[in-house]
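All values reported here derive from a predicted model rather than from experimental measurement. Proteins come first, then strands; the chains are lettered A, B, ... in the order of their sequence lines, and each starts at number 1.
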There are 2 protein chains.
Amino acid sequence: MKRGVLIVLSGPSGVGKGTVRKALFEEPDIDFTYSISMTTRQPRNGEVDGEDYFFVNRNEFEENITAGNMLEYAEYVGNYYGTPKSFIDNTLASGHDVFLEIDVQGALQVKEKMPEGAYIFLTPPDLQALKERLVGRGTDDPEIIDRRVAAASSEIRMMSKYDYAVVNDEVQLAVQRIKDIVKVERLRVNRILPEYIAMIEELEK
Amino acid sequence: MKRGVLIVLSGPSGVGKGTVRKALFEEPDIDFTYSISMTTRQPRNGEVDGEDYFFVNRNEFEENITAGNMLEYAEYVGNYYGTPKSFIDNTLASGHDVFLEIDVQGALQVKEKMPEGAYIFLTPPDLQALKERLVGRGTDDPEIIDRRVAAASSEIRMMSKYDYAVVNDEVQLAVQRIKDIVKVERLRVNRILPEYIAMIEELEK
């Protein structure tokens, strides 16, 4: 059974990660398993455990942290949110590709524990466009916007930690680039070598 | 000017590198510059200097070696053959992709000097198929064939030094995979980062 590919889509705030992810999952020819987060917050109406989130209590979440099962986690307004390793491991081992959409801080934590993934950084076509998007979001004052732009700049510098940079100039183009990356990742020697070593050993018997 | 990508196609003897290269260059939508070798052998009828080869005398070739301009070279039946670095460097600097088809020994020499290339290892679909191809070549005795298979096995182990492995199950499929690799290589962060760093510095002024 050939191991699946872990695909991590990340990038600065406001770049459009969610939009690209949604468009990607609407493609008829992809079959990625979406990485399900674990959280201690209450399920909302219609949310299903093991589909939308793994819903656990604080005690269970902290046991997962202690056991080293959280690839990354954070606490927001009194609730834990994080990415459990076991779900990703099992899915990859069953030969399925796993897709994880995550912020820059989270992605870098995940990379430390699973460096074999394909780390994709979604970038704005240019920083001016990013600024417009950040400004366009609301009615915040210029100082707040400047601070957001500075934060985005420093996030873009984090690009150096990633394998690929995909420009989000048009959603459908970004989606196609991500599909190409996953196709080509399957050709990378570090993914293929074990299979060939086994084949050679067979022939030399 | 964005630097071109150096694409190195290599692989064990008999795997079909030349066939794949020819089919690739017949594709209407590729625009690779073929890396021209340097040699001391005499031009044959119709061969053009700077097109088929760079034809030089022994003295000139040895000056290139001394000057560190040969990415790799070898001597066959009294003549030098090799890959001059300056031609590749200039072509990449002008924004064009360079394609180099070369045996395993040569590819590994080139990689030491230009590790930023995309190193593609063409593999047989399975070693049995490779054996059939080696056998099918001529009327050599079984011992020679066994020796060739052993040599091919050890070359396949060299795959670990490459970035990508492309199976040559069907020429057109192999060609498509190589085209995908080149497309995706352009998205690799190490190729894109300098451009973004410049953009950020511009915005922060």
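- Counting heavy-atom pairs under 4.5 Å between each of B:Asp180, B:Leu193, B:Val184 and chain A puts B:Val184 at the top.
- For A:Ile192, the part lying under 4.5 angstrom from a heavy atom of chain B is the side chain only.
- At least one donor-acceptor pair under 3.5 Å links the side chain of B:Lys17 to the backbone N or O of B:Gly11.
- Ion pairing between a basic and an acidic side chain is recognised when a charged N comes within 4.0 Å of a carboxylate O; B:Arg186 and B:Asp97 show such pairing.
- Chain A forms the most heavy-atom pairs under 4.5 Å with one residue out of B:Leu187, B:Ile120, B:Val167, B:Val166, and that residue is B:Leu187.
- Using a 4.0 Å cut-off between charged nitrogen and carboxylate oxygen, A:Glu101 and A:Lys22 do not count as a salt-bridge pair.
- Ion pairing of B:Arg44 with B:Asp52 is absent here, as no side-chain N (NZ or NE/NH1/NH2) approaches a carboxylate O to less than 4.0 Å.
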